[in-house]
Structures are given as C-alpha cells and as structure tokens.
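Single-structure report; data block below.
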Amino acid sequence: QVQLVESGGGSVQAGGSLRLSCARSGYTYRRYCMGWFRQAPGKEREGVAAIYTGGGTTYYADSVKDRFTISHDNGKNTLYLQMDSLKPEDTAMYYCAAVPSYCTLIRPLLERSFGYWGQGTQVTVSS
C-alpha cells in the first residue's frame, strides 16, 4: 500500500501564496505519475497538476497554468504544489494522488486515473 499525507494548506488573501506538500510512504514502486486535485463545495473534483516522478514532465489545468508549479523531490518522496497569485476561486480541499505509471499512459488530470489518495488539505483564499 502507498500512503499519502498532505500538508501546507491554510487561509490566505487573494494574491498571496501557499506551498502544499504530500509525503509518500509505504510500498515503493519504481515510478509514479503523481497529481494534485481539488474539490470545492458542491463541485466535482478536478485535476490541477500532475508530474512524472521519473522525469519531471508536468501537466497543468488551464485555470492554474502560470500560477501554480508542481515539483517532486525523489530523495524525500515528497510532492509539492507551489501556488502563487491565488484567487478566491482557488478555494477548495486539495488532494494528492499517485499511480504507479507513466503519466503519458493515462489521462493525468483525470480523477479515475489514480489509485492512491491522501486525505486532503484545505486552502481558503479570501478577497
């Protein structure tokens, strides 16, 4: 089993920044596609960003492109999401996800592509 634990959420004013972290533990596969998803109240979970841990190829939703940056530290088995220029519409529960696969073999911003999930961390952006 793979365990994922998110941290770094909080409350921030519009225009501010936050960095989310996702620590991975448990069974170790050779490679992963890892992603960040978010779900606002009353809305479906949506893909925000994804990265292949074996080569760093990244994918972003249009709504966060040029504002969010996904990265992965293989030595620490930790996934990050740097969020800058935050907007009130970024308010949501943010989830980390992983699947032992190349990102190119799945749809990396699609929820059902991933098999392992964290419990989420809340991000609230006020105007």
Side-chain angles (χ1 to χ4, degrees):
Q1 284 290 337
V2 175
Q3 288 80 45
L4 304 172
V5 179
E6 302 96 335
S7 61
S11 297
V12 64
Q13 289 192 327
S17 298
L18 283 173
R19 188 175 83 152
L20 306 183
S21 300
C22 171
R24 188 181 77 249
S25 62
Y27 186 82
T28 300
Y29 293 90
R30 289 184 63 186
R31 62 186 68 85
Y32 295 86
C33 183
M34 296 193 72
W36 287 100
F37 290 74
R38 66 186 181 186
Q39 187 168 20
K43 294 188 176 181
E44 293 185 353
R45 191 173 298 187
E46 63 172 350
V48 173
I51 188 169
Y52 172 58
T53 63
T57 306
T58 57
Y59 307 80
Y60 294 96
D62 288 342
S63 58
V64 306
K65 204 170 292 183
D66 299 326
R67 298 190 298 122
F68 290 9
T69 303
I70 190 171
S71 62
H72 184 265
D73 186 326
N74 286 326
K76 296 182 179 180
N77 291 335
T78 301
L79 180 72
Y80 301 99
L81 185 68
Q82 178 66 42
M83 305 186 294
D84 298 318
S85 302
L86 282 161
K87 304 175 181 180
E89 51 263 44
D90 294 318
T91 295
M93 185 71 79
Y94 282 71
Y95 298 91
C96 170
V99 60
S101 170
Y102 293 100
C103 289
T104 51
L105 297 180
I106 62 171
R107 293 177 64 182
L109 297 181
L110 190 66
E111 179 182 2
R112 66 173 180 263
S113 294
F114 292 82
Y116 299 102
W117 292 86
Q119 294 300 306
T121 185
Q122 178 67 37
V123 171
T124 303
V125 184
S126 58
S127 58

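The residues of the chain are indexed from 1 along the displayed sequence. It should be emphasised that the depicted structure is a prediction, and the values quoted were computed from it without experimental measurement. These values consider heavy atoms only, across backbone and side chains, with no hydrogens, waters or symmetry-generated copies.
For residues 67-99, the disulfide (SG to SG under 2.5 Å) pairs, not counting sequence neighbours, are C22-C96. Applying the salt bridge (Lys or Arg N to Asp or Glu O under 4.0 Å) test to residues at least two apart or on different chains, the pairs with a partner in residues 66-82 are R67-D90. Listed by first and then second residue, the side chain to side chain donor-acceptor pair (under 3.5 Å) pairs that reach into residues 3-14 come to none, sequence neighbours excluded. Among pairs with a residue in residues 111-121, those fulfilling side chain to side chain donor-acceptor pair (under 3.5 Å) read Y29-Y116, at least two apart in sequence or across chains. Counting only residues at least two apart or on different chains, the ring-ring contact (aromatic ring centres under 6.0 Å, His included) pairs with a member in residues 88-115 are F37-F114, Y52-Y102.
Y27 and V99 fall into different hydrophobic clusters, where Ile, Leu, Val, Met, Phe, Trp and Tyr side chains are chained together by heavy-atom contacts under 4.5 Å. In the hydrophobic clustering of this structure, I70 groups with V64; members are Ile, Leu, Val, Met, Phe, Trp, Tyr whose side-chain heavy atoms approach within less than 4.5 Å, directly or through other members. One hydrophobic cluster, built from ILVMFWY side chains closer than 4.5 Å, cannot hold both L20 and Y59; they sit in different ones. When the side chains of ILVMFWY residues are joined at heavy-atom separations under 4.5 Å, either directly or via intervening members, V125 and L18 end up in a single hydrophobic cluster.
By the side-chain hydrogen bond (donor to acceptor under 3.5 Å, both in side chains) test, R19 pairs with no residue at all, sequence neighbours left out. Considering only residues two or more places apart in sequence or on other chains, K65 meets the side chain to side chain contact (heavy atoms under 4.5 Å, CB included) condition with Y60, D62. By the side-chain hydrogen bond (donor to acceptor under 3.5 Å, both in side chains) test, S17 is found to be paired with D84, residues two or more places apart in sequence or in another chain being considered. Under the side chain to side chain contact (heavy atoms under 4.5 Å, CB included) criterion, N74 pairs with T53, H72, sequence neighbours left out. Qualifying side chain to side chain contact (heavy atoms under 4.5 Å, CB included) partners for N77, counting only residues two or more places apart in sequence or in other chains: R24.
Listed here is the closest heavy atom pair of S127 and A14: CA-CB, 4.3 Å. Taking each heavy atom of T78 and S21 in turn, the nearest pair found is CG2-CB, 4.2 Å.
Between the OG1 atom of T91 and the CD atom of Q122 there is a distance of 7.5 Å, given to the nearest 0.5 Å. Atom CH2 of W36 is separated from atom CE of M83 by 8.0 Å, given to the nearest 0.5 angstrom.
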Task: side-chain contact (heavy atoms from CB on, under 4.5 Å) between Y32 and V2, intermediate numbers included - done: CA-CA 11 Å; Y32 295 86; V2 175; 3.9 Å; yes
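Hydrophobic cluster membership for V5: none, as no Ile, Leu, Val, Met, Phe, Trp or Tyr side chain comes under 4.5 Å of it.
Put simply, the side chain of V12 does not reach to within 4.5 Å of the side chain of T124, judged on heavy atoms. In this structure the side chain of L86 reaches within 4.5 angstrom of the side chain of F68, judged on heavy atoms. Residues I51 and L79 meet the side-chain proximity criterion, which asks for heavy atoms closer than 4.5 Å.
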Scan the side chains in residues 41-49 for donor-acceptor partners under 3.5 Å anywhere in the protein, sequence neighbours excluded, and list what turns up.
unit_1, atom_1, unit_2, atom_2, d
E46, OE2, R38, NE, 2.6
E46, OE2, R38, NH2, 3.2

